[in-house]
There are 2 protein chains.
Amino acid sequence: MHPGWEALGDPSRLAIVQRLAERPRAVGELADELPISRPAVSQHLKVLKGAGLVVDQALGTRRVYRLSPVGLAALRDQLDTFWRRALDGYQDVVEETEESS
Amino acid sequence: MHPGWEALGDPSRLAIVQRLAERPRAVGELADELPISRPAVSQHLKVLKGAGLVVDQALGTRRVYRLSPVGLAALRDQLDTFWRRALDGYQDVVEETEESS
DNA sequence: CACGAACGTAAGCTACGACTTACGGCTGCT
DNA sequence: AGCAGCCGTAAGTCGTAGCTTACGTTCGTG
């Protein structure tokens, strides 16, 4: 149960998510397309799995990973909240910014 | 402008964004509520500004920061794309090697 | 005009995370 | 049964992000 945002913070993990968005892939497939080794991909997938962003499935001797809709929706909703709150205080440029008296 | 996701990857920066979602704040205000020093907050705000997630406004001797709707919308849209693509390959659990049973 | 408040930047240190190599565990062929 | 392909984990190295202290700058106020 990691924060979730830290999972996407790393460029390699973001690259993995982008590849998995196209289609589910095995660990070796991802390692071939990325400039990092296969163990590195495994470690990243462990983080992504801990964050609930991906799910894995044993398929023969391979392990196929794909994106988890629920995990992605959680982040999207939180980001959507930020976006809405940003629109609220958008027009009142200068208003109340004092506290102590 | 640069990473975008790396900006939100840091816990301190995420905390800043959450505070700015409530209302615009000055640098000193944020530093008082966070367990880090004021220069640290400035450095984080510089990253967030570079990512287009916040905008600043000089107000007297203080600098008021608030969230940028456009920057947040960009990340949200990309995350929303991931979410939709995740739903596509959700029901076809086994894609390959499902010919023979 | 001088002082203080608020902020950004420079310099430096420390800790953590990302990566590699090496190893062991499964699974599925022949 | 034995071998080969895939994968996760351990151990260790190294770069860098994040933090602090110190300093310079700007703006407002007496």
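To find a chain, count down the sequence lines: A is the first, B the second, and so on, and within it residues start at 1.
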For a salt bridge (charged side-chain N to carboxylate O under 4.0 Å, His left out) check, start with the C-alpha distance between B:Asp88 and B:Arg84, then their side-chain angles and the critical distance, and finish with the verdict. CA-CA 7 Å; B:Asp88 292 351; B:Arg84 262 191 288 261; over 6 Å; no

A:Gln57 atom CD is separated from C:dT27 atom C1', nearest whole Å, by 15 Å

Could you check whether any side-chain heavy atom of B:Trp83 comes within less than 4.5 Å of a side-chain heavy atom of A:Asp77, counting everything from C-beta outward? no

Whole-Å distance, A:Arg63 CZ to C:dC26 P, equals 12 Å

Within the structure shown, what part of the strands sits under 4.0 Å from B:Ala58 by heavy-atom distance: base, sugar-phosphate, or nothing? nothing

When B:Arg19, B:Gln18, B:Arg25 are each screened for side chain to side chain donor-acceptor pair (under 3.5 Å) with B:Glu22, the one that passes is B:Arg25

Contacts satisfying side-chain hydrogen bond (donor to acceptor under 3.5 Å, both in side chains) that involve residues 34-46 of chain A (not counting sequence neighbours) are A:Arg13-A:His44

Rounded to whole Å, the CG-P distance (B:Asp56 to C:dA6) equals 18 Å

Span of DNA chain D engaged by chain B, first through last nucleotide within the 4.0 Å heavy-atom cut-off, is D:dG18 to D:dC27

Correct closest heavy-atom pair for B:Leu14 and B:Leu8 would be CB-O, 4.1 Å

Of A:Lys46 and B:Pro11, the one whose closest nucleotide on DNA chain D sits nearer the 5' end is A:Lys46

Scan nucleotides 18-22 of chain C against the protein and return all N/O pairs shorter than 3.5 Å with their distances rounded to 0.1 Å.
from   : atom 1 : to      : atom 2 : distance (Å)
C:dA18 : OP1    : A:Arg13 : NH2    : 3.2
C:dA18 : OP2    : A:Arg13 : NH1    : 3.3
C:dA18 : O5'    : A:Asp10 : OD1    : 3.4
C:dC19 : OP1    : A:Ser12 : OG     : 2.8
C:dC19 : OP2    : A:His44 : NE2    : 2.2
C:dT20 : OP2    : A:Ser37 : N      : 2.7
C:dT20 : OP2    : A:Ser37 : OG     : 2.6
C:dT20 : O4     : A:Gln43 : NE2    : 3.1

In short, B:Glu6 meets A:Pro11 closest at the heavy-atom pair OE2-CG, 3.1 Å

Interatomic distance, OH@B:Tyr65 vs CG@B:Leu45, rounded to 0.5 Å, equals 5.0 Å

**Report entry** ILVMFWY cluster, A:Val55 and A:Val17 together (side-chain gap under 4.5 Å)
**Finding:** no

